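Only a predicted model underlies this, so the values are computations on that prediction, with no experimental measurement involved. Lettering of chains follows the sequences in order, A, B, ..., and the numbering in each one begins at 1.
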Protein chains: 2
Amino acid sequence: MTSMRADAVRNRDLVLATARRAMAEGDMSLQLNDLARRAGIGVGTVYRHFPTRRALLESLAEPAFTALLDDARVASLREDAWTGLRQILRTLLVQQLSDPAFTEVISTSPALDASPDTTSHREAFADLAQAVLERARQAGALRLDLTPDDLHHLVCGTAFALRLTPDPNACLDRYLQVLFDGIRTTA
Amino acid sequence: MTSMRADAVRNRDLVLATARRAMAEGDMSLQLNDLARRAGIGVGTVYRHFPTRRALLESLAEPAFTALLDDARVASLREDAWTGLRQILRTLLVQQLSDPAFTEVISTSPALDASPDTTSHREAFADLAQAVLERARQAGALRLDLTPDDLHHLVCGTAFALRLTPDPNACLDRYLQVLFDGIRTTA
DNA sequence: CAATAAACGGATAAGTCATCCGATTAGACT
DNA sequence: AGTCTAATCGGATGACTTATCCGTTTATTG
C-alpha cells in the first residue's frame with residue numbers, strides 16, 4: 001500500500017485550512033507563496049502539493065462536490081421529478097454562494113489537467129442531473145430545446161447574477177424562480 | 001479651450017487600438033507594460049493615459065456604451081413595451097458577447113473611481129431601462145418582485161451563461177428566451 | 001537502529017507592476 | 001522663423017509575485 005507520509009498529509013491539510021481561512025477573510029488571490037508564509041511552511045512544500053492555483057482550487061472544492069452529490073442522489077429519488085430538479089438547481093446555487101472555489105471549478109469546462117477526483121465527481125453529477133432532467137422532461141413542461149449543458153450554463157449564470165447582488169442569499173429564491181419559470185415550456 | 005496635445009491624442013488612440021488588437025487575439029490580460037511594447041511607446045506614456053487596467057477598460061468600452069444607448073433610445077419608443085424590453089435585453093447580450101471590456105464594466109458595480117463618461121452612460125442607460133421596465137409592468141405580465149437592478153444582474157448572468165457555451169451566438173436567442181419567460185408573472 | 005525514499009524549505013531566477021524624473025516636443029506668442 | 005515653456009514622452013528602476021531547483025531533514029521499514 002502506497003500511502004502518504006504523515007508529515008505530507010499534515011502539511012497538505014494545513015495548506016487547505018490556511019487557504020480556506022484566507023478566502024473567508026476575503027482574499028481570493030490564493031497566492032501560493034503567501035499561503036506558505038501564513039501556514040509557516042516552505043514555498044516548495046506548497047508547490048509540491050498543489051502545482052498550480054487550479055489544483056488547489058479543485059482540492060478546496062472537494063467537500064462541496066461531495067455535498068452536492070449527496071444532495072443530488074436524494075433529489076434524484078424524489079417522486080416528483082420537477083421537485084427533484086428544483087432541489088438540484090437550488091443546491092447548485094447554494095454551494096456556489098458558499099464556496100468560491102467550488103464556483104470556479106463548476107463554472108469552467110472540465111480541464112484536461114483536472115484531478116481524477118474532480119473529473120469523476122463531475123461525471124457522477126452529470127449522470128444524476130441527466131437522469132432527473134430526463135424524468136422532468138417526460139413529466140412534461142420542460143423546454144425541449146435545452147440540453148443538460150444548457151441548464152448547467154444557465155445555473156452558473158444565475159449564480160453569477162446572485163454574486164452581483166448586495167445580498168445574494170436574500171435574492172436566491174427569487175432568481176431561482178426566474179430560472180425555473182424560464183426553463184418551462186412556453187404555452 | 002483646453003485641448004490635448006496632438007501627440008497625446010495620437011498615443012492614446014494607439015494604446016486603445018493596440019489593446020483592441022490584443023483582445024481580438026484572445027489576450028485578455030491587458031498588461032500595460034506589454035501594450036506599451038507592442039504599441040512601440042514608453043510604459044510611462046501608457047500609464048499616464050490609463051493609470052489602471054480599469055481605466056483602460058472603461059475607455060475601451062466607450063463605443064459599446066454609445067451603441068447600447070442609441071439602441072435603447074429607439075427601443076424605449078416602441079409601441080409595445082414588451083418588444084422594447086426584449087430588444088434592450090438582447091442588445092445587452094449582443095454587446096457583451098462582442099466586447100469583453102464592455103462586459104467587465106457593465107457587470108460590475110459602478111466604481112467610485114469610474115470615469116465621468118462611464119458614470120453618465122450608466123445613468124443614462126439606467127433611466128431608459130427603468131422607463132421601459134415601468135411601461136412593461138403597466139402592460140402587465142412582468143413579475144412584481146423584480147427591480148431594475150435585479151434585471152440588470154440577471155442579464156449579466158445570462159451573458160455569463162452564454163460565455164460558458166462553445167458557440168455563444170448560436171445559443172443567444174435560446175437563453176434570451178429563457179430569461180424572458182422567467183421574468184413574466186407566473187400564472 | 002541503520003538505510004533510504006520521501007518530503008521539506010528557502011534561495012533565487014524569471015517575470016510583472018507601477019513610478020519617477022531627465023529629455024523631448026508641440027503649440028503659443030513674437 | 002525663432003524662442004519659450006508647459007505638456008508629454010520614455011525607459012531605468014525598485015518593489016512585488018511566480019515557480020523551480022536542490023541540498024538538508026525526516027518518516028518509515030525491516
At under 4.0 Å, does any side-chain N or O of Thr45(A) touch on OP1 or OP2 of dG9(C)? yes
Angle between the end axes of the helix from dC1(C)-dG30(D) to dT30(C)-dA1(D), five pairs per end, to the nearest 10 degrees? 20°
Which residues in residues 46-60 of chain A have at least one heavy atom lying under 4.0 Å from any atom of DNA chain D? Tyr47(A)
Check: His152(B) side chain, Pro148(B) main-chain N or O, donor-acceptor pair, under 3.5 Å: no
Residues from residues 23-38 of chain A lying under 4.0 Å of DNA chain D - heavy atoms: Gln31(A), Asn33(A)
Have a look at Leu133(B) and tell me which of Thr147(B), Ile88(B), Leu142(B) forms a side-chain contact (heavy atoms from CB on, under 4.5 Å) with it. Leu142(B)
Counting C-beta onward and ignoring hydrogens, is there a side-chain heavy-atom pair between Val105(B) and Arg122(B) closer than 4.5 Å? yes
How does protein contact run along nucleotides 24-30 of chain D, one letter per nucleotide 5' to 3', with B for base contact, S for sugar-phosphate only, - for none, heavy atoms under 4.0 Å? --BSS--
Tell me whether Asp181(A) is salt-bridged to Arg143(B), with the criterion being a basic N under 4.0 Å from an acidic carboxylate O. yes
Under the side chain to side chain donor-acceptor pair (under 3.5 Å) test, residues paired with Arg10(B) that sit two or more places apart: none
Does the side chain of Phe160(B) come within less than 4.5 Å of Leu164(A)'s, by heavy atoms? no
Ion pair Asp150(B)/Arg174(A), N-O distance below 4.0 Å: yes
In whole Å, I'd like the distance from the CZ atom of Arg12(B) to the P atom of dG10(D). 16 Å
With heavy-atom distances below 4.5 Å as the criterion, would you say the side chains of Leu85(B) and Arg135(B) are in contact? no
Could you walk me through whether Arg90(B) and Asp173(B) pass the side chain to side chain contact (heavy atoms under 4.5 Å, CB included) check? CA-CA 8 Å; Arg90(B) 191 171 200 281; Asp173(B) 285 299; 2.9 Å; yes
Hey, are the side chains of Leu77(A) and Arg73(A) touching, using non-hydrogen atoms and a 4.5 Å cut-off? no
Atom-to-atom span, CD1 of Ile41(B) to P of dT25(C) - whole angstrom: 15 Å
Does one side chain, of Asp71(A) or Thr91(A), offer a donor that lies under 3.5 Å from an acceptor on the other? yes
Cut-off 3.5 Å, no hydrogens considered: what does the side-chain donor-acceptor table look like for residues 21-29 of chain B, sequence neighbours left out?
| residue | atom | partner | partner atom | Å |
| --- | --- | --- | --- | --- |
| Glu25(B) | OE1 | Arg38(B) | NH1 | 3.0 |
| Asp27(B) | OD1 | Ser29(B) | N | 2.9 |
| Asp27(B) | OD1 | Ser29(B) | OG | 2.6 |

Less than 4.5 Å apart, any side-chain heavy atom of Phe65(A) and any of Ile106(A)? yes
